Amino acid sequence: MKLTVNGAVHEVESPPLTTLLAVLREELGITSPKVGCEQGGCGACTVLVGGEPRRACLLPLAALDGAEVTTVEGLGTPEQLGRVQQAFLDRYAAQCGYCTSGMIMAGVGLLKKNPKPSRDEIVKHMDRNVCRCGTYQRIVKAIEIASGTSKEARK
Amino acid sequence: MTEQLSELDLELERYELFADPIYNFTFNRRQFLKVFSGGIALLIPAANLLAQQEQGESGGPRGNQRVPNDIGAWIHIDETGTVSVFTGKVELGQNIRTSLAQAVAEELRVPINMIRMVMADTDLTPFDAGTFGSRSIPFMSPQLRKAAAAARETLVMIAAEQLKVAPAEVRIVNARFVNHDASKSLSFADVAKGQKLVKAIPADIAIMQVKDWTIAGTSVPKVGARDFVTGKHEYTSDMKRPGMLYARVVRPPALNSTLLSLDTKPAEAIRGVTVVRDGDFIGLAAADPQTVARAEKAIAVHWKTPGQAGSAGLYEQLKRDSSPSRGGSRPVGSIEEGMAAADKKLSQSYTIAYIAHAPLEPRAAVAEWKDGKLTVWTGTQRPFGVRSELAEAFRIPEESVRVIVPDTGSGYGGKHTGECAIEAARIARASGKPVKLVWTREEEFTWAYFRPAGLIEVSTGVKNDGTVTAWEFHNYNSGSSAIQSKYAFPNQNIQFHNSKSPLRQGSYRGLAATANHFAREVHLDELAQLVGMDPVAFRLKNIKDDRLRAVLEAAAKSFGWGAKKQDGRGAGIACGFEKGSYIATAAEISIDPKTKKVKLERVVASFECGAIVNPVHLHNQVEGAVVQAIGGALFEGIEFQNGQIVNGKFSKYRLPRFSDMPPVEIVLLDRKDLPSAGAGETPIVGLAPASGGAIFQATGVRVRSLPLLSTTSVLA
């Protein structure tokens, strides 16, 4: 089965019911999406599928033939981080960092659809992602800054 | 009463650590010399990492640990000029990798990016009791500073010789040793080259005064942060070793079960599957996760589960099964006299539920046996403790075991023990290949340990002018952390009673300080109500401690305490002390008149921990603790029945989310005149009682249990 991840086409061999999360992490060695619960409850596995944030732990490979997947590894360039990544860095939005990949992809997905979200819209969209270290305020700020809706200048 | 625990003082409620003997490891000098090939090394004696042994709050010395008399940590400047710091501390998101690096960079007068932190590797770093108890800043940091200061002096001496000037003339500018007019300079590499010096730090070495800090005291970004936003950082659960297998453990359906029958043949028949049976332990491994899952389904297994107590009747049971007294203090004054002097009396009970740590990275281990040596990568807060557990489990010497802790996806006190490491190592040994075991979220909720549940009974007397005259306080099962307060109660009888817990329990961020502050602060609110006084005024009446008063007043001021009460809203405030630092938290809630849904509208937290090392990281730690506290205060609680954790998944166990976050304002008080205390735990204790006070003011209902709302209630 063919799966495009971060622009590269892969011939994937895992069985059809393997989750996208397991395919990415174990077959393809793309480990930015994390195992948090494997029950769709925490968002640590969030990736973009066709530009939409999805929980990779709930998606079977069989449903993804020809799909285009984006993970954190596909953001930015070697010289420059993506806007959301950079904002996370500048706003100290990572503590243990385990939720960070999922948060970044959820944020990128939001800004694709809604480039200037209000704070309420950010909270509502991000609500399915858990941060147990409690960095929520800084994540919201980072997304505001990345979207340009924050009055604070980016670094 | 001690404000600072010594390095190895262990609180009574760290049950998970008392379950096994605690081993002390003497650092192997041969190993050190293997690592040290040249350059300059400054060694910190382990004994220096202990404060004076003082009496614990219980009135007696705690624990039974021998004092390690070997190396505690060290700094190495190798012949390429790289500065490496070796410490057994662990990074789990509290950012001590950054703050410890700051301390060293400061004393060496170099940019922080020149410091390489080597952490939590039992082959490379010396013994450390564990990363818990808010100790890294008060204990490890000053010692690393001394080592860095001693290193600087040593390097300056060598540089002076080479530059042919007096040592006093040498300055460090842009990481180079320069003479008075900078006409000559040497790099760190120039100075360290050809040296083979190993020195202990002099007892009297001077470190920089807080007022002269230029790196510490500033908001240096998280070291290595880029790797976390690019997905490069490898957690244990991300690791791959050549030939690695994926493992699962076959678990019984409930706690306390015994194996009745087992047929593993259908699983063994699957090609490439390893099955391990060791008593009631059943482990599986295969080259890919799908095959392991198939193997698990193929196993026929029957367990016997005994009848067990559930959540219902828990608190009565905890009291019934309790011992007379374990960790109280000697009574102060006379309760009888205190009660006789009281105008009003009050007796109340408070209950605190079991809660789960729920670290986002489930525990994981990668275990590899090679040439008689076992290496385990695992996210634990106690690499040396886990090393001992592994050595004991496999009956091999500790020197044959290496535990490496990658920067880990949080712990909050829940990752002290080595069950996952032992399980992975067992399966690896049977299969002859490296093995990765990652616990499922349901295993995380069931097979680790919880923050203890507790019943607290408080019986007090108060004068009409607000002076508390008698304070009797009994904690059943939660623990004794912060059972003593900083209030000036003249007559006290404070007791902790340990009990038989139906669930495995142990350390959790803040330990019993959350429970004890909840009961104490809510009770003080009730006393204030009894005598018709404002909660802040009432507290101030009973406080003589300046630092407690300062945080309380700062929080009240920032919050705007005393503003006119609005319909459908309420405000509450609480203050406390733990682990050398002070917190005061004020909270405002709203209650929807139609749906009765409770919402946390805003929080102000005022915190003081002596001299601040890194303001932004401290702010973030306090904020994170407040967010975590929301869960335990409002809606987290473990429900169990017949040995099963009924709500052991994220869809049922409600964690604080984006939409639960009120605006949180943090007021940090910087006391540069006081030694830096830790901040990992104390900020968590104020939110629950402040929320309780706010709910009371808004609704007239006094809730005396945590969580304050039911475990299934929803915030607006």
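In what follows, chains are A, B, ... by sequence order, proteins preceding strands, each numbered from 1. As the structure is a prediction and not an experimental result, all values here were calculated from the model.
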Contact origin within B:H617 toward chain A - heavy atom pairs under 4.5 Å: side chain

Side chain, backbone, both or neither: which part of A:I104 has an atom under 4.5 Å from a heavy atom of chain B? side chain

Which portion of B:V626 sits near chain A, non-hydrogen atoms under 4.5 angstrom: neither

Examine A:R138 relative to A:Y92 and say whether NZ or CZ is less than 6.0 Å from the centre of the six-membered ring and inside a 45° cone about the ring axis. no

Check: A:Y98 main-chain N/O paired with B:Y235 side-chain donor or acceptor under 3.5 Å: yes

Structural part of B:E442 lying under 4.5 Å from a heavy atom of chain A: side chain

Cut-off 4.5 Å, heavy atoms of chain B, and the answer for A:Q39 is side chain

Would you mind checking which part of B:D407 comes under 4.5 Å of any heavy atom in chain A, side chain (CB onward), backbone (N, CA, C, O), both or neither? neither

If I measure from the heavy atoms of chain A, does B:T408 come under 4.5 Å with its side chain, its backbone, both, or neither? backbone

Against chain A, label B:V627 side chain, backbone, both or neither, depending on which of its atoms sit under 4.5 Å from a heavy atom there. side chain

B:L360 versus chain A, the contacting section by heavy-atom distance below 4.5 Å: both

What part of B:P289 gets closer than 4.5 Å to chain A, counting heavy atoms only: side chain, backbone, both or neither? side chain

Could you tell me if B:K222 sits above the aromatic ring of B:F228, with its cationic atom closer than 6.0 Å to the ring centre and no more than 45 degrees from the axis? yes

Part of B:K240 lying under 4.5 Å from any heavy atom of chain A: side chain

At a 4.5 Å cut-off on heavy atoms, which part of B:E361 comes close to chain A: side chain, backbone, both, or neither? both

Evaluate whether atom CZ of B:R441 has more than 12 neighbouring non-hydrogen atoms of other residues, nucleotides or ligands under 6.0 angstrom away. yes

